[in-house]
Amino acid sequence: MNAECGSTVRVRIAPSPTGNCHVGTARTALYNMLYARKYGGKFILRIDDTDLSRSTKESEEGVLEGLRWLGIKWDEGPDVGGPYGPYRQMERAYTYREVADRLMAEGKAYRCYCTPEELEAERREALAVGKPPRYYGKCRNLAPEECAKLEAEGRKHVIRLRAPDKILTFVDLLRGHQQKDMGERGDFVIVKSDGSPVYNFATVVDEHYMAMTHVFRAVEHLTNTFDQLAVYEAMGWDPPQFGHLTLMLNPDRTKISKRAGAVYIGEFRDMGYLPEALVNFLALLGWNPGTEQEIFSMDELVEAFSVETLSRSDAVFDIKKLDWFNGVYIRSLTPEDLAARVRPFMEKAGYATSDQAFLEKAVTLVTDRLGKLTEAPDMLGFLFVDRVDLARESFAGKGKLTPGDIAGALVECERVLGGLDQWTHEDIEASLRALAESLGWKVGDLLMQVRVAITGRRVTPPLFESLVLLGREKSMARIARATRALEE
RNA sequence: GCUCCCAUGGUCUAGCGGCCUAGGACAUCGCCCUUUCAAGGCGGUAACACGGGUUCGAAUCCCGUUGGGAGCGCCA
């Protein structure tokens, strides 16, 4: 299980260019990268684009962008190159062909002319009598003349590998010894009728030529591994070590999907999550450090990572926990950093944020209150507008204060605040507290009226700091306006 | 249907035969703090899927059952 037996560790992530970076892909990429860093190896990004129809430059870029945003960096890949290219399957087409030809020449693979309809019928028959659906080898021993004849009829063919009639085994890095009797498996397709390689074939060729030493991938590939092993064996190649990771689940324990919420990295970014929070959360979803530490920087993850503590059971993606991590990371940011992260969300909401110093002071008021960056515009908007919307009910709340009571109190507030020499937190607080006492009001009740007058709402950042930031002029104007509104 | 994987509170997990009256975190509830809301502090509720073994002793090992998942594709 130790990585460094002579050769350098080489691990990879091989996403399909679907346009978006899926969280599952991201987590698998993370684990692979952590492993590479931990053992001083290389982490490679390969684009598995054999499904030619969907691949475009943009669809590839979308995936890379998601990974980059999370801070996942690769040593070799289609964008940065490297000594083991190409890094796109499409560009390796010639090699697949060559390998398939060699397998055919050695009698380890053969052409099959069966139609999809025939195969489907065969599968149904097998299932009907309770046998595993498999290809029973109709074209297995076709004579060259027969092939020529079918070819002449215009029949298309695929290439099948002769499944070895023996038990294949490997040691999974997470699950230990695994085996399968390949005698139960029919000969399987390695090259489609259009000449392109099937995934289980292409991936073997890629892993081999890219000199991968370890393959960490989702558990859905566990049983596929045996087909791949058959290819390695037919070619006389040494397979890498495999480790099959868990799946991420929806709350109802089905495989994570769109309908249960966000699944693409870009969506999390747009929802106001910090990449470091998402990474931390993802890392702990399926792996544990063996200690009670919860918060990890990327470097700390590299340090603590270990294959031994990767879990074997699937994990529900609990967004509430992600929210908690996000809050923790937001609170750890400097005002400057927080301001920078919040800025795009403020701009999107239509608030001008060119005054850096002001923005920094503003975000400082809500650092402890932000669960997600998207909440910032709502909390801070009152500092960036000329006037706020006032609703009568906001002042009274559920209490029994009448508009008259409130307007009267606000007039007093205006008077007291207007008489202040300095517009500071201390002076404002002292004067308002004193006023509450002389009025016989509870401090909280009085401050609530000012709060609503200033912000238009009952839930806001701390009042005194907000007044200071808003400035004397605007604050006084808002109180005056609120008074008038209540007196109408 | 066959093969394989998995199984500790609502969720993520620690536990790898006695240290477990099962630990931590999120969520939840209560209290404290408090100018609202948060944040923070303190405390509470809450789990070894079930049934057989093995053993002096099992959450931990074995078998079975149940439940969940994957694969059996000219998808990746």
Side-chain angles (χ1 to χ4, degrees), chain A residues 14-16 18 48-51 54 89 112 114-116 119-120 123 126-135 156-160 172 174-175 178-181 184-186 188-200 202-203 218-227 244 246-247 249 251 253-255 281 284-295 308-309 311-325 327-328 331 366-371 379 397 429 432-433 436 442-448 450-452 455 457-464 466:
Chain A
S16 302
T18 56
D48 276 8
D49 56 356
T50 50
D51 186 11
R54 295 187 296 180
Q89 287 190 323
C112 167
C114 295
T115 64
L119 296 170
E120 182 52 35
R123 264 193 291 272
L127 244 20
V129 295
K131 290 164 109 177
R134 52 173 284 208
Y135 179 69
K156 292 198 163 184
H157 71 268
V158 298
I159 298 176
R160 285 180 188 274
D172 188 279
L174 279 75
R175 298 156 208 274
Q178 305 290 324
Q179 64 175 57
K180 184 173 186 183
D181 184 356
E184 310 276 293
R185 180 82 172 98
F188 56 90
V189 177
I190 56 174
V191 177
K192 305 176 198 174
S193 56
D194 67 0
S196 65
V198 164
Y199 171 79
N200 279 328
T203 200
V219 69
E220 52 203 345
H221 292 292
L222 182 56
T223 22
N224 286 333
T225 306
F226 297 101
D227 284 1
H244 291 91
T246 58
L247 254 28
L249 271 27
R253 303 203 77 87
T254 53
K255 189 172 163 182
F281 170 72
L284 257 29
L285 201 64
W287 168 82
N288 79 80
T291 66
E292 290 184 350
Q293 184 177 348
E294 299 268 339
I295 304 300
E308 285 73 22
T309 51
S311 63
R312 285 166 294 278
S313 50
D314 299 341
V316 172
F317 187 100
D318 179 13
I319 197 115
K320 285 274 186 57
K321 185 126 187 188
L322 206 210
D323 288 347
W324 175 75
F325 274 112
V328 169
R331 274 170 253 134
V366 294
T367 308
D368 286 349
R369 281 155 251 269
L370 279 180
M379 288 182 189
E429 177 164 8
L432 255 19
R433 281 186 186 282
K442 279 197 257 178
V443 175
D445 284 344
L446 184 68
L447 295 184
M448 181 55 81
V450 181
R451 181 187 309 283
V452 175
T455 67
R457 10 181 120 187
R458 299 177 66 83
V459 176
T460 77
L463 183 58
F464 307 124
S466 297

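Here is how names work: the chains are called A, B, and so on, in the same order as the sequence lines, proteins then strands, and each is numbered from 1. Here the structure is a predicted model, which means the values were calculated and not measured.
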message: With rounding to the closest Å, how many angstrom separate the P atoms on G69(B) and C63(B)?
response: 24 Å
- prompt: Is the shortest side-chain N/O distance from Lys320(A) to OP1 or OP2 of G10(B) below 4.0 Å?
  reply: no
query: Looking for any heavy atom pair under 4.0 Å, which part of the strands does Phe464(A) touch: base, sugar-phosphate only, or nothing?
result: base
- prompt: Considering every strand shown, what is the Watson-Crick or G-U wobble mate of G40(B) when both distances are under 3.5 Å?
  reply: C32(B)
- prompt: Rounding to the closest angstrom, what is the interatomic distance between U45(B) and G30(B) at atom P?
  reply: 15 Å
query: Just checking Ser313(A): base, sugar-phosphate only, or nothing, at a heavy-atom cut-off of under 4.0 Å?
result: sugar-phosphate
query: Distance check: side-chain N/O of Gln179(A) vs OP1/OP2 of C4(B), anything under 4.0 Å?
result: no
query: Paired with U54(B): which nucleotide, if any, by Watson-Crick or G-U wobble criteria at under 3.5 Å for both distances?
result: none
query: So, is Arg185(A) near the phosphate of C2(B), with a side-chain N or O under 4.0 Å from OP1 or OP2?
result: no
- request: State yes or no: are the ring centers of Tyr199(A) and His221(A) separated by less than 6.0 Å?
  value: yes
query: Quick one: is Arg253(A) getting a side-chain N or O under 4.0 Å of the A7(B) phosphate, OP1 or OP2?
result: no
- prompt: Between A76(B) and Lys192(A), is there an OP1 or OP2 to side-chain N/O distance shorter than 4.0 Å?
  reply: yes
- request: Compare side-chain N and O positions of Thr460(A) against OP1 and OP2 of C37(B) and report whether any pair is under 4.0 Å apart.
  value: no
query: Can you tell me if the side-chain N/O atoms of Asn288(A) get under 4.0 Å from OP1 or OP2 in U13(B)?
result: no
- request: May I ask you to evaluate whether Arg312(A) reaches the phosphate of C16(B), defined as a side-chain N or O under 4.0 Å from OP1 or OP2?
  value: no
- request: Tell which nucleotide pairs with A49(B), taking only Watson-Crick or G-U wobble pairs whose two distances are both under 3.5 angstrom.
  value: U65(B)
message: Need one value for Leu284(A): base, sugar-phosphate or nothing, where a base atom within 4.0 Å counts as base even if backbone is also close, heavy atoms only.
response: sugar-phosphate
message: Could you tell me how far U55(B) sits from U60(B) if I compare only their P atoms? Round to whole Å.
response: 16 Å
query: Between Trp287(A) and Ser311(A), does a side-chain hydrogen bond (donor to acceptor under 3.5 Å, both in side chains) hold up when you go through it step by step?
result: CA-CA 5 Å; Trp287(A) 168 82; Ser311(A) 63; over 6 Å; no
task: Return yes if a side-chain donor-acceptor contact under 3.5 Å exists between Asp172(A) and Gln178(A), otherwise no.
output: no
task: Step by step, work out the side-chain hydrogen bond (donor to acceptor under 3.5 Å, both in side chains) result for Thr367(A) and Arg331(A).
output: CA-CA 6 Å; Thr367(A) 308; Arg331(A) 274 170 253 134; over 6 Å; no
field: Test item: Asp314(A) side-chain N/O and Leu247(A) main-chain N/O as donor-acceptor pair under 3.5 Å
entry: yes
message: What contact category does Gln178(A) fall into here, base, sugar-phosphate, or nothing, at under 4.0 angstrom with non-hydrogen atoms?
response: sugar-phosphate
task: Considering only atom C1', compute the distance from C29(B) to C72(B) and round it to an integer number of Å.
output: 49 Å
- prompt: Would you say Ser311(A) reaches U13(B)'s phosphate, i.e. side-chain N/O to OP1/OP2 under 4.0 Å?
  reply: yes
- request: Would you mind classifying the nucleic acid contact of His244(A) as base, sugar-phosphate or nothing, using non-hydrogen atoms under 4.0 angstrom?
  value: nothing
query: Which value, in whole Å, describes the distance between the C1' atoms of nucleotides A7(B) and G64(B)?
result: 15 Å
- request: Return the value, rounded to whole Å, for the distance between atom CG of Leu249(A) and atom P of C12(B).
  value: 8 Å
- request: Could you say whether Leu222(A) or Lys321(A) is positioned toward the 5' end of RNA chain B, judged by the nucleotide with the nearest heavy atom to each?
  value: Leu222(A)
